[in-house]
Amino acid sequence: EDQVTQSPEALRLQEGESSSLNCSYTVSGLRGLFWYRQDPGKGPEFLFTLYSAGEEKEKERLKATLTKKESFLHITAPKPEDSATYLCAIETGRRALTFGSGTRLQVQP
Amino acid sequence: EAGVVQSPRYKIIEKKQPVAFWCNPISGHNTLYWYLQNLGQGPELLIRYENEEAVDDSQLPKDRFSAERLKGVDSTLKIQPAELGDSAVYLCASSPAGSYEQYFGPGTRLTVT
């Protein structure tokens with residue numbers, strides 16, 4: 001069964017304190033791994049797609065990496081506006097996403 | 001470019017009442033999805049449309065849930081009758097042909113009392 005597990009469930013950082021969020025997955029055939037950001041009361045906002053092990057993508061203070069078993073979302077020198085829930089999802093050929101439960105990130109000034 | 005539009009944003013109903021949610025996808029996106037999101041969880045797929053055809057409705061509780069996508073553009077998701085356990089956020093997403101990237105609307109928060 002395809003499965004996505006995210007850790008930690010919640011993370012509190014001080015502004016400027018870099019850290020990483022983890023997304024581990026089990027799947028028979030990965031078509032893509034996706035990162036989304038979700039603010040309270042809003043729908044998930046697309047961030048990155050990764051397709052193969054070794055691939056990396058960056059956007060502002062965020063960098064996503066992918067191995068054969070997990071993905072990391074690295075947050076460098078975060079700011080309070082980076083506070084949100086970060087969701088990881090996999091696409092396995094059904095043209096639908098299987099999501100993890102997310103990591104709730106809080107960045108304090 | 002306008003994003004995915006959903007209405008209403010919030011809905012409060014009593015159990016056993018019917019409810020309907022509407023979604024208009026991004027223009028040109030032929031794939032439309034309905035997801036359900038419970039508090040503290042990631043979204044879970046209910047149904048996927050390719051144009052006007054429902055190609056994956058295996059997770060849709062068909063005894064009380066129904067959906068349609070007439071003319072392959074906007075879509076309606078209906079629950080009849082609603083139960084207390086249906087309280088959740090209902091998200092609509094769309095993607096263009098040939099892409100796995102999905103773009104979500106703001107969701108409809110349903111509260112069943």
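All chains are named by letter (A, B, ...) in the order of the sequence lines, taking the proteins before the strands, and each is independently numbered beginning at 1.
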For a quick test of reading the model, state the closest non-hydrogen atom pair linking A/Gly43 to B/Leu91 and the distance between them. CA-CD2, 4.0 Å

How are the rings of B/Tyr100 and A/Tyr51 set relative to one another: parallel (under 30°), tilted (30 to 60°) or perpendicular (over 60°)? tilted

Cluster check B/Phe65, B/Tyr49: I/L/V/M/F/W/Y, side chain < 4.5 angstrom: yes

Side chain from CB out, backbone as N, CA, C, O: work out which of these in A/Gln38 comes under 4.5 Å of a heavy atom of chain B, or both, or neither. side chain

Is it the backbone or the side chain of B/Glu44 that comes under 4.5 Å from a heavy atom of chain A, or both, or neither? neither

Scored by heavy-atom pairs under 4.5 Å with chain A, the best of B/Gln41, B/Arg9, B/Arg48 is B/Arg48

Whether over 12 other heavy atoms sit under 6.0 Å from A/Lys42 NZ: no

A/Leu105 reachable from A/Leu73 in the ILVMFWY side-chain graph, under 4.5 Å edges: yes

Side chains of A/Glu91 and B/Gln102, donor plus acceptor under 3.5 Å: no

Side chain, backbone, both or neither: which part of B/Tyr35 has a non-hydrogen atom closer than 4.5 Å to chain A? side chain

If you look at every heavy atom in A/Leu87 and B/Pro43, which pair is closest and at what distance? CD1-CD, 4.1 Å

Please look at A/Arg31 and chain B and tell me whether the side chain, the backbone, both or neither of the residue comes under 4.5 angstrom of a heavy atom of that chain. both

Assigning hydrophobic clusters by single linkage (Ile, Leu, Val, Met, Phe, Trp, Tyr; side-chain heavy-atom cutoff under 4.5 Å), is B/Val4 placed with B/Leu36? no

Within the distance-only criterion (no hydrogens, no angle test), does the side chain of B/Tyr33 pair as donor or acceptor with the backbone N or O of A/Leu97 below 3.5 angstrom? no

Could you tell me which portion of B/Thr108 (side chain, backbone, both or neither) has an atom closer than 4.5 angstrom to a non-hydrogen atom of chain A? neither

A/Glu81 atom CD: more than 12 heavy-atom contacts under 6.0 Å: yes

Take atom CD of A/Gln14 as the centre, draw a 6.0 Å sphere, and report whether it contains more than 12 heavy atoms from other residues, nucleotides or ligands. yes

Near A/Lys68 NZ, under 6.0 Å, is it more than 12 heavy atoms from other residues, nucleotides or ligands? no

At a heavy-atom separation under 4.5 Å, does B/Gln37 approach chain A through its side chain, its backbone, both, or neither? side chain

Hey, any chance A/Leu62 and A/Phe34 share a hydrophobic cluster, counting ILVMFWY side chains that come within less than 4.5 Å of each other, even indirectly? no

So for B/Thr31, is it side chain, backbone, both, or neither that comes closer than 4.5 Å to the heavy atoms of chain A? side chain

Does CG in B/Leu39 sit with more than 12 non-hydrogen atoms of other residues, nucleotides or ligands closer than 6.0 Å? no

